[in-house]
Amino acid sequence: MSDADVAAEVSLDRIQRRLDAIWEIGRTDDGGVTRLAYSDEETAAIEYVLGELDERFTVRTDSIGNVFADTDPAADRAVYLGSHLDSVFNGGRLDGALGVVMALEAIEVALAVGEPPVSPTLAVLRAEESTRFGQWAIGSRGALGQLTVEDFSATDQSSVPLWQAMQDQNLQPRDLDRPTIDLDRIACFLETHIEQGRVLDEQDEHVGVVTSIRAPVRYRVTVEGDSDHSGATPMGMRRDAIAGAAEMITTVERVGDTAAGSGDLVATVGDITADGGAINKVCGRVTFPIDVRSTDRSHRDEVEATLLDRLEAVADRRDLDLDLSLVDRSDPVELDPSTTGTLASVADDLAVPYRRLPSGGGHDAMNFQHRGIPTGMLFVPSVDGVSHNPNEATPDDAIRDATTVLTHALLGDPTAGESPIAEPESND
Ligand SMILES: [Zn+2]
């Protein structure tokens with residue numbers, strides 16, 4: 001098998017045809033897609049993918065609806081690869097779906113041109129997006145035995161609990177604390193995803209080899225002062241919650257900016273609500289979220305402590321009441337260096353323009369690595385960094401290159417740490 005065989009077999013037409021077919025399921029008027037977790041649309045998309053699998057695949061659906069399609073069900077070890085098919089409200093055509101379709105393409109090409117030493121298993125994980133139930137990665141957490149009873153009572157916008165939504169899709173979840181898959185069988189987990197940022201696109205790189213996944217610590221901040229008349233209340237007598245919140249928000253940006261100079265970190269205030277605000281009022285109550293992420297937990301925790309101190313100081317100086325409630329604290333994870341090394345080494349051998357980078361968003365892959373399963377992740381560029389939006393796009397040549405890298409990884413042991421592509425034989 002030569003490099004040329006793989007590149008010739010990877011079919012962009014087949015990939016785009018499948019993406020188009022999945023796009024039709026839940027497609028919105030402006031070209032986006034709404035295929036929520038445990039909706040009929042998500043189920044239909046999974047059924048479409050199952051319909052694309054030929055007799056080489058043996059399919060198993062677990063009790064929460066994840067699909068695992070083995071190419072050698074008798075094998076002791078398998079490389080699991082895939083992603084998710086659910087979406088946010090009016091999301092894009094590529095988020096999740098591309099990772100499933102590319103995994104399928106890589107498996108098919110690997111089987112066509114050679115013999116993968118560790119048999120591949122296509123993984124379609126349910127309900128990755130938190131849009132519907134406020135819980136993310138339900139499928140992968142369930143597969144790994146990490147769901148709790150509280151997760152199952154989470155409700156959607158119509159007060160339908162998760163367990164009910166699962167039953168509506170003919171699923172009967174059971175033994176929540178037990179993995180639905182044999183974890184010892186998983187040699188490694190591989191996921192491909194759109195970057196959802198603009199790093200690769202701006203550098204004209206086709207592939208990102210993800211080194212680590214940033215995890216957030218999140219707060220909901222409530223600032224309280226006095227609600228007063230804007231004309232009748234002298235400046236010196238105000239407790240202005242909006243002005244205080246504004247100072248706090250720029251403080252978050254400044255602290256984040258400084259901290260980014262000494263280690264991986266991003267700090268964001270992405271929303272603000274002024275309760276009962278009006279043009280003729282001094283606003284008495286403001287809420288906003290803070291999201292701080294890093295691949296380095298100790299750096300993130302230091303920045304968190306600094307931030308909370310600074311916000312308290314602003315509140316004290318302005319005589320405002322401050323409530324900081326913790327919403328989320330997740331652990332960042334470094335992906336398996338050997339598996340990451342294999343992916344980078346294949347990209348090197350193929351002269352694909354790539355870079356190593358951290359993932360800013362959480363992915364199913366993160367849960368596999370947290371469970372101790374060697375995990376590797378590839379990114380493809382998001383044009384202009386657009387994601388969770390109908391305008392998601394990735395250049396064709398990047399899709400082709402990333403699929404080729406993934407296929408070559410399957411043709412060796414993906415956890416070997418080096419490319420399986422043989423040195424060209426000399427003609428002497
Ligand atoms: Zn996704």
Side-chain angles (χ1 to χ4, degrees), residues 18-28 30-52 59 61-69 80-104 122-144 146-147 151-152 154-158 160-171 173 180-181 189 191-194 196 359 361-368 377 382 386-390 392 394:
R18 287 172 170 161
L19 285 172
D20 282 342
I22 295 170
W23 191 16
E24 287 303 324
I25 306 168
R27 185 166 172 168
T28 57
D30 53 355
V33 62
T34 299
R35 216 165 35 235
L36 300 182
Y38 290 106
S39 63
D40 292 347
E41 290 79 13
E42 187 194 25
T43 299
I46 289 172
E47 275 163 9
Y48 166 77
V49 170
L50 294 182
E52 291 293 291
V59 174
T61 301
D62 71 11
S63 68
I64 56 168
N66 296 309
V67 169
F68 302 101
Y80 282 61
L81 64 162
S83 191
H84 64 96
L85 291 172
D86 63 315
S87 79
V88 299
F89 283 112
N90 205 23
R93 171 176 173 269
L94 300 175
D95 189 329
L98 181 64
V100 172
V101 168
M102 276 182 49
L104 175 55
L122 178 69
V124 184
L125 300 162
R126 272 203 101 131
E128 193 272 344
E129 303 285 3
S130 55
T131 305
R132 183 171 177 196
F133 294 102
Q135 309 279 351
W136 79 285
I138 293 165
S140 57
R141 287 193 292 130
L144 297 165
Q146 294 171 338
L147 287 179
D151 289 323
F152 278 82
T155 52
D156 71 2
Q157 288 78 3
S158 312
V160 176
L162 175 59
W163 61 265
Q164 176 78 58
M166 287 181 173
Q167 287 192 351
D168 290 348
Q169 298 303 318
N170 299 316
L171 298 165
T180 69
I181 37 179
F189 181 76
E191 181 171 6
T192 309
H193 204 277
I194 56 170
Q196 302 180 283
S359 167
H363 295 286
D364 289 311
M366 179 174 170
N367 294 325
F368 284 85
M377 217 182 157
S382 295
V386 171
S387 97
H388 286 178
N389 179 299
E392 278 177 1
T394 295

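As the structure is a computational prediction, the values presented were derived from the model and not from experiment.
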Legend entry - By side chain to side chain donor-acceptor pair (under 3.5 Å) - contacts of Thr61 (at least two apart): none
Inset, instruction - For residues Asn66 and Ser140, report the shortest heavy-atom separation together with the two atoms involved. - result: OD1-N, 4.5 Å
Inset, instruction - Would you kindly say whether Ser83 and Glu191 are connected by a side-chain donor-acceptor distance under 3.5 Å? - result: yes
Legend entry - Considering all heavy atoms, the nearest Val49-Leu85 contact: CG2-CD1, 3.9 Å
Inset, instruction - Please check if the side chain of Arg35 supplies one atom and the backbone of Ile22 the other of a donor-acceptor pair under 3.5 Å. - result: yes
Legend entry - Gln169 CD to Ile64 CD1 distance, which is reported to the nearest 0.5 Å: 13.5 Å
Legend entry - Inter-residue atom distance Leu36.CG - Phe133.CZ, 0.5 Å rounding: 8.5 Å
Legend entry - Under-4.0 Å salt bridge between Arg132 and Asp86: no
Legend entry - Taking every non-hydrogen atom, the tightest pair across Leu122 and Leu104: CD1-N, 3.8 Å
Legend entry - Over all atoms of both residues, closest heavy-atom pair of Ala127 and Tyr38: CB-CE1, 3.5 Å
Legend entry - Shortest non-hydrogen contact from Ile181 toward Ala143: CG1-O, 3.5 Å
Inset, instruction - Apply side-chain contact (heavy atoms from CB on, under 4.5 Å) to Ile194 and Leu98, showing your working. - result: CA-CA 8 Å; Ile194 56 170; Leu98 181 64; 4.0 Å; yes
Legend entry - Within-4.5 Å side-chain heavy-atom neighbours: Trp136 and Asn367: yes
Legend entry - Nearest heavy-atom neighbours spanning Phe68 and Thr180: CE1-OG1, 4.3 Å
Inset, instruction - State the CD-CZ distance between Gln164 and Phe152, to the nearest 0.5 angstrom. - result: 13.0 Å
Legend entry - Between Gln196 and Asp95, a side-chain donor and acceptor under 3.5 Å: yes
Legend entry - Glu392 side-chain N/O to Leu94 backbone N/O, donor-acceptor pair under 3.5 Å: yes
Inset, instruction - Would you mind reporting whether Ile138 and Asp151 have side-chain heavy atoms less than 4.5 Å apart? - result: no
Legend entry - Approximate separation, where rounding is to 0.5 Å, of Asp364 CG and Arg141 CZ: 10.0 Å
Inset, instruction - Quick one: list whatever passes side chain to side chain donor-acceptor pair (under 3.5 Å) with Arg126, sequence neighbours left out. - result: Glu42, Thr43
Inset, instruction - To the nearest 0.5 angstrom, please state how far the CG atom of Asp62 sits from the CG atom of Leu171. - result: 8.5 Å
Inset, instruction - Just jot down the salt bridge (charged side-chain N to carboxylate O under 4.0 Å, His left out) partners of Glu41, sequence neighbours excluded, or say none. - result: none
Inset, instruction - Measure the spacing between OG of Ser87 and NE2 of His388 and express it to the nearest 0.5 Å. - result: 8.5 Å
Legend entry - Met102 side chain reached by Leu81 side chain, heavy atoms, under 4.5 Å: no
